[in-house]
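The next block holds one structure in the form of structure tokens; read it before the comments.
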Amino acid sequence: MQAKSYAKVNVFLKIAGKRDTYHELVSRFIRVHSLYDEFSFVKTNRKAFNIIGDFGCKLESNTVYKAYNLIKHMKNVEDFFQEYSVKIDKNIPEFAGLGGGSSNAATFLLMANKYCNLGLSKDELCDIAVKIGADVPFFVYEYDSANVTGIGEVVEIFDEELLDIKTITPDIKCDTGKIFTHFREHFYKEICKEEKEKLLNMKSIDILKELNISEANDLYEPAIMAEPLLEEYAKSNWYFSGSGSSFFTINEEE
Ligand SMILES: C[C@@](CO)(OP(=O)(O)O)[C@H](O)COP(=O)(O)OP(=O)(O)OC[C@H]1O[C@@H](n2ccc(N)nc2=O)[C@H](O)[C@@H]1O
Ligand SMILES: Nc1ncnc2c1ncn2[C@@H]1O[C@H](COP(=O)(O)OP(=O)(O)O)[C@@H](O)[C@H]1O
């Protein structure tokens with residue numbers, strides 16, 4: 001009972017409008033095949049739900065615990081997790097814009113669905129996923145590349161070749177809420193319909209050839225305002241993922 005829980009990067013991330021205290025996104029998410037947490041269910045008979053691993057948060061805040069609470073009333077889930085613990089060997093840095101916590105929640109839902117025979121469809125899992133976090137639905141669908149809109153709940157597969165992504169994560173923690181506040185107060189703009197249609201239909205590789213780091217991600221400049229030291233990492237042909245702090249580039253074959 002093992003699985004890989006992959007990281008993601010946002011090839012582009014544009015804001016389309018406001019929804020209550022949140023912002024609607026238009027984004028291309030791609031999975032990073034070279035960066036993943038190793039996930040397994042291991043027999044421990046702890047008699048209580050338990051996660052083994054190193055996290056920067058308490059059990060109650062763990063996305064996997066939140067996912068468990070949403071499904072524990074189903075079938076044999078509670079009994080199963082008295083017998084088995086969730087073990088996560090973390091490789092994806094936290095607070096990094098790589099979606100590690102979201103990916104873990106999705107992997108947990110997918111594995112629980114399989115090993116507890118819950119019989120939930122992807123759409124049913126997605127209904128649970130949105131309650132945990134904005135990026136969880138993307139990981140539930142297990143697409144290598146997808147257009148993601150709304151707050152993150154609309155996920156449409158994008159058919160393209162897999163890119164070889166390299167990431168670096170400065171030792172700077174980016175607070176997503178603070179970065180959105182800077183965006184709203186100092187940089188607010190909305191993507192126009194034509195630009196949205198154009199980006200959603202372009203291959204990731206072409207988007208990255210056409211746009212620079214600021215053009216590709218509306219949260220980059222607000223992130224620099226919040227964490228000025230980030231700018232030292234902004235090299236040519238490197239891009240910014242989510243609300244940071246990770247940068248990424250593509251290893252292109254010659
Ligand atoms: C913007 C993305 C793109 O991938 O950034 P990363 O987390 O990957 O860096 C995500 O959708 C982030 O989603 P997530 O990380 O779940 O955000 P949350 O913790 O729910 O949000 C923290 C705070 O950021 C603001 N927020 C978040 C998402 C959003 N679409 N609009 C917002 O305005 C809200 O003020 C919210 O209270
Ligand atoms: N299973 C988990 N793995 C990593 N971070 C988690 C997890 N559960 C909760 N978190 C918390 O989620 C926040 C960061 O989320 P994460 O998805 O790792 O990064 P980001 O949102 O920057 O992409 C941190 O507050 C972290 O402590």
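All ligand and atom numbering here is 1-based and tracks the order in the structure. Excluded from the calculations below are hydrogen atoms, water molecules and symmetry mates; all remaining heavy atoms, backbone and side chain alike, are included. Heads up: numbering here begins at 1 and tracks the sequence. Just so it is clear, the model here is predicted, and its values are computed rather than measured.
- Under 4.0 angstrom from ligand 2, the non-hydrogen atoms of L98 all belong to its backbone.
- Taking the charged nitrogens against the carboxylate oxygens, K14 and E190 have no contact shorter than 4.0 Å, which rules out a salt bridge.
- Near G177, with a cut-off below 4.0 Å to any heavy atom, the atoms of ligand 1 are 23 (C), 24 (O).
- A salt bridge links R19 and E24; the closest N-O separation between the charged side-chain nitrogens and carboxylate oxygens is under 4.0 Å.
- Just one of F80, F41, F49 meets the ring-ring contact (aromatic ring centres under 6.0 Å, His included) condition when paired with Y68; it is F49.
- Nearest to atom 20 (P) of ligand 2 by heavy-atom distance, out of A134, S5, G97, is G97.
- Every atom of ligand 2 with a heavy atom of N104 under 4.0 Å away is listed here by number and element: 1 (N), 2 (C), 3 (N).
- If you look at F29 and Y143, their ring centroids are not closer than 6.0 Å.
- Remark: ligand 1 atoms within the under-4.0 Å shell around heavy atoms of K8 are 4 (O), 8 (O).
- The shortest separation from a heavy atom of K66 to ligand 2 is not under 4.0 Å, leaving the residue out of contact.
- When only non-hydrogen protein atoms are considered, atom 21 (O) of ligand 1 lies nearest to Y22 OH, 3.8 Å.
- Taking any N or O of V64, backbone or side chain, none lies under 3.5 Å from an N or O belonging to ligand 2.
- The cationic atom of K66 (NZ for Lys, CZ for Arg) does not lie both less than 6.0 Å from the six-membered ring centre of F108 and within 45° of the ring axis.
- On a distance-only criterion, F55 and ligand 2 share no N/O pair closer than 3.5 Å.
- Without hydrogens or angle criteria, N212 side chain to E215 main chain gives a donor-acceptor distance under 3.5 Å.
- The heavy atom nearest to atom 9 (C) of ligand 2, out of those in G101, S61, S246, is found in S61.
- Per-residue contacts place S243 under 4.0 angstrom from the following atoms of ligand 1 (heavy atoms of the residue considered): 5 (O), 6 (P), 9 (O).
- Using a 4.5 Å heavy-atom cutoff, the side chains of N113 and Y115 are not in contact.
- A donor and an acceptor atom, one from each side chain of N217 and N10, are nowhere located under 3.5 Å apart.
- Salt-bridge annotation for D89 and K87: present, with a side-chain N of the basic residue lying under 4.0 Å from a carboxylate O of the acidic one.
- Residue contact check: T21 has heavy atoms under 4.0 Å from atoms 33 (O), 34 (C), 35 (O) of ligand 1.
- Taking every non-hydrogen atom of L13 and a distance limit under 4.0 Å, the qualifying atoms of ligand 1 come out as 3 (C).
- Here N10 has side-chain heavy atoms under 4.0 Å from ligand 1, and that is the only part of it that gets that close.
- Considering only non-hydrogen protein atoms, atom 4 (O) of ligand 1 sits nearest to D135 OD2, 2.9 Å.
- The distance from ligand 2 to the heavy atoms of N62 drops below 4.0 Å at these ligand atoms: 1 (N), 2 (C), 7 (C), 8 (N), 9 (C).
- Ligand 1 places these atoms under 4.0 Å from at least one heavy atom of H23: 29 (C), 30 (N), 31 (N), 32 (C), 33 (O).
- Checked for salt-bridge contact, E227 and K173 miss the test: no charged N lies under 4.0 Å from a carboxylate O.
- Close approach to G56 involves these atoms of ligand 2, each under 4.0 Å from a residue heavy atom: 27 (O).
- Which parts of ligand 1 touch A134 is read off a 4.0 Å heavy-atom cut-off, strictly below it: atoms 11 (O), 13 (O), 16 (O).
- Contact annotation for atom 19 (O) of ligand 1: protein absent (non-hydrogen atoms, distance under 4.0 Å).
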